[in-house]
Amino acid sequence: MYKEMNLDLIDVNAEPPIEEPSRQYYFMAKCRQWVRDFEQKSGRLPKACIVNMGCQMNARDSEKLTGILEQMGYAPTEEEQADFVIYNTCTVRENANLKVYGRLGKVHHYKKENPHMRIALCGCMMQEEQVVEKLKSSYSFVDIIFGTHNVYKLAELLFLRNETGSQVVDVWKEARGIVEELPSQRKFFFKSGVNISFGCNNFCSYCIVPYVRGRERSRKPEDILEEIERLAREGVVEIMLLGQNVNSYGKDLKEPITFARLLRQVEQIPGIERIRFMTSHPKDLSEELIQAMKESSKVCRHLHLPVQSGSTAVLKAMNRRYTKEQYLALVDMLRRKIPDISLTTDIIVGFPGETEEDFQETLDVVRRARYDSAFTFLYSRRTGTPAAVMENQVPPEVMKERFDRLLEQVQRVGREMSGRFVGTVQKVLVEEVNVRDDSLVTGRLDSNLLVHFPGDASLIGKLVRVRLEESRGFYYMGSRVLGEEDKG
Ligand code: 5AD
Ligand code: SF4
């Protein structure tokens, strides 16, 4: 796992090491020299901005990039008008791609004013060949293009760009092992994402992820546990285990292990008080996992269980490998075993061939599964996926009209559900002083909902008990309860 590496001890005049991660530390040291020269000449540190445009995995990769930038000596900024801007892209839906081209237009202006500026693009969108071709031919001002499999190489790529003076493109089709022991800089000191697997083997017919993130690869349990132990020593109390399909974790390892067993091992780590995970594919959600959740005092009573559609016919065309009835039976079992569980989901509207009857089945599942909240998406046609060439693509206006009805249903059910904890005392992890009223702090419940209550900054990062006094739709107002564990 990551051990502090002293860059001053690295001989930057020697040949670069072949082995990882030593090679990357060598290039970090090289780039740091350049940063120091910049500081001497301009009297300030160069500023770097990372724009995170995707999911939790994407955010975690951004933390790794931030760690490398920090080692090189860059000062972090949220302004895109910086000396180094990195767009960590997403490509799940077409409009995510369009946004990137929009941002590039803007940042090109900044670069004209500051020719030393560096612009890098990475993430899922870069794994698409036609995107990289377009960038190479029409966006020559972009300095570095890399993908999802070599995030750890940022320093080497930046060095190469500075040495050669030309655009550097390094996108790998396949992963080449998992590089451990690199720095990363967390956004919050008290909580962190932890990758447990990369890639996906499911090939849902609408989804581009298996093509851009590659086949599923699990990290070894000992590496994961070591990382979490280190995080706990650094003061992290909540971790989110991340994978495209956490339920199939460990099946590809030399010594296979189930996700439930990993969870039980994570639970043993002192200092970790809360465990979350995402995402769970319904077809792989085991009874063993539900049992492990039930018996745990640390695993949050929250499950994100994407349904995608309520129609068995559409689910089949989506290659989801469960029926409406099987999904609802799973929800029943979850509610029976863990009555206070909060369920959330992802739903796609307008998959090719979706009829009004199919859509009604989706509304029915929302009603019966009683989700606390749901992410709803308009189906987006992704080139290269089987669904993109299916007949009966749903017209945009039909999609939009269904989307609005779905949203209304999701919000109605969500409001009813989120009110159900009023009057109870719940554990809350305090995240920040309330942005609108500084006599309040804001924290998160097990269910992921927010609660605001009187308190001050000294509570940030602490788990406290809060009585939920009032539900305001999708958040609560509360007051702190001083119990036995909070005294002294
Ligand atoms: N169109 C719309 N939504 C999609 N998702 C994945 N691919 C597509 C697509 N082509 C949604 C799914 C998934 C979430 C992360 O994004 O609901 O669970
Ligand atoms: Fe995409 Fe399906 Fe894999 Fe999720 S499980 S990443 S929706 S292919």
Side-chain angles (χ1 to χ4, degrees), residues 52-61 89-99 123-125 127-128 148 175 193 195-218 240 242-249 251-252 259 277-285 303-311 314-322 327 343-354 359 362 365-366 369 371 373-390 393-394 396 398-400 402-403 406-407 410:
N52 172 26
M53 310 179 94
C55 64
Q56 312 257 6
M57 306 279 264
N58 188 277
R60 181 71 188 130
D61 282 347
T89 62
C90 169
T91 189
V92 171
R93 285 166 293 274
E94 178 70 22
N95 59 0
N97 289 33
L98 299 178
K99 265 192 218 151
C124 287
M125 186 176 153
Q127 296 293 137
E128 289 182 89
T148 53
N195 296 113
I196 63 165
S197 62
F198 302 93
C200 181
N201 289 349
N202 287 318
F203 291 94
C204 300
S205 62
Y206 50 82
C207 184
I208 201 165
V209 168
Y211 306 93
V212 295
R213 288 251 168 199
R215 292 296 68 69
E216 187 171 283
R217 299 158 322 270
S218 301
M240 163 89 89
L242 297 171
Q244 301 295 347
N245 179 10
V246 292
N247 300 119
S248 64
Y249 168 79
K251 290 183 183 162
D252 58 322
F259 178 58
F277 54 86
M278 94 187 296
T279 293
S280 295
H281 194 304
K283 80 175 165 58
D284 296 313
L285 186 79
L303 193 66
H304 185 65
L305 196 63
V307 65
Q308 312 297 4
S309 168
S311 150
V314 172
L315 288 169
K316 188 157 194 314
M318 286 178 161
N319 191 30
R320 291 291 290 177
R321 286 173 275 176
Y322 53 83
Y327 184 90
L343 289 179
T344 55
T345 200
D346 292 344
I347 303 171
I348 298 175
V349 183
F351 184 83
E354 183 190 74
F359 176 66
T362 300
V365 168
V366 172
Y371 297 114
S373 69
F375 295 103
T376 49
F377 305 106
L378 288 167
Y379 167 70
S380 170
R381 201 169 176 176
R382 308 307 289 121
T383 311
T385 62
V389 291
M390 285 180 187
Q393 300 280 328
V394 176
V398 176
M399 246 198 245
K400 182 75 183 60
R402 286 182 193 160
F403 184 87
L406 175 65
L407 198 63
V410 161

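Every number for a ligand or one of its atoms is a count from 1 in the order of the listing.
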Ring centroid separation Tyr211 to Phe203 under 6.0 Å: yes
Closest approach of Asn58 to Met53 (non-hydrogen atoms, all atoms of both residues): OD1-N, 3.5 Å
Using a strict cut-off of 4.0 Å, indicate which atoms of ligand 1 neighbour a heavy atom of Ile348. 3 (N), 4 (C), 5 (N), 12 (C), 17 (O)
Test item: protein heavy atom less than 4.0 Å from atom 4 (Fe) of ligand 2: no
Going by heavy atoms in the side chains, are Ile348 and Ser309 under 4.5 Å from each other? no
Between Arg213 and Asp61, does at least one N-O distance fall below 4.0 Å, as a salt bridge requires? yes
Taking all atoms of both residues into account, what is the closest heavy-atom pair of Gly193 and Leu242, and its distance? CA-CD1, 4.1 Å
Can you find a heavy atom in the side chain of Thr148 that is under 4.5 Å from one in the side chain of Val212? no
Nearest heavy-atom pair of Thr345 and Val307: which atoms, and what distance? OG1-N, 2.8 Å
Taking every heavy atom of Tyr371 against every heavy atom of Val365, the minimum-distance pair comes out as OH-CG1, 3.6 Å
How does Tyr206 reach ligand 1, if at all, at less than 4.0 Å between non-hydrogen atoms: by side chain, backbone, both, or neither? both
What is the nearest protein non-hydrogen atom to atom 12 (C) of ligand 1, stated with its residue, atom name and distance? Gln308 OE1, 3.4 Å
Work out whether the distance between some heavy atom of Arg213 and some atom of ligand 2 is less than 4.0 Å. no
To check your reading of the model: name the closest protein heavy atom to atom 6 (C) of ligand 1, its residue, and the distance in Å. Val92 CG1, 3.2 Å
Tell me, which protein residue and heavy-atom name are nearest atom 16 (O) of ligand 1, and how many Å apart are they? Arg93 NH1, 2.9 Å
Min side-chain heavy-atom separation Arg382-Thr91 under 4.5 Å: yes
Short of 2.8 Å from atom 3 (Fe) of ligand 2, name each protein N/O/S atom, waters not counted. Cys200 SG
Check whether any heavy atom of Leu378 sits under 4.0 Å from an atom of ligand 1. yes
A student checking ligand 1 against Arg382 at a 4.0 Å heavy-atom cut-off should list atoms 10 (N)
Less than 4.0 angstrom from a charged side-chain N to a carboxylate O is my criterion; do Arg402 and Glu354 meet it? yes
Residue, atom name and distance, where the atom is the protein heavy atom closest to atom 7 (S) of ligand 2: Tyr206 OH, 3.4 Å
Closest non-hydrogen atom pair between Ser205 and Asn319, with its separation: N-CB, 4.2 Å
Side chains of Ser218 and Asp252: do they bring a donor and an acceptor to under 3.5 Å? yes
Considering only protein heavy atoms, which is closest to atom 10 (N) of ligand 1, and at what distance to one decimal place? Ser380 O, 2.8 Å
Do me a favour and list the nearest non-hydrogen protein atom to atom 18 (O) of ligand 1 with residue, atom name and distance? Asp346 OD2, 2.6 Å
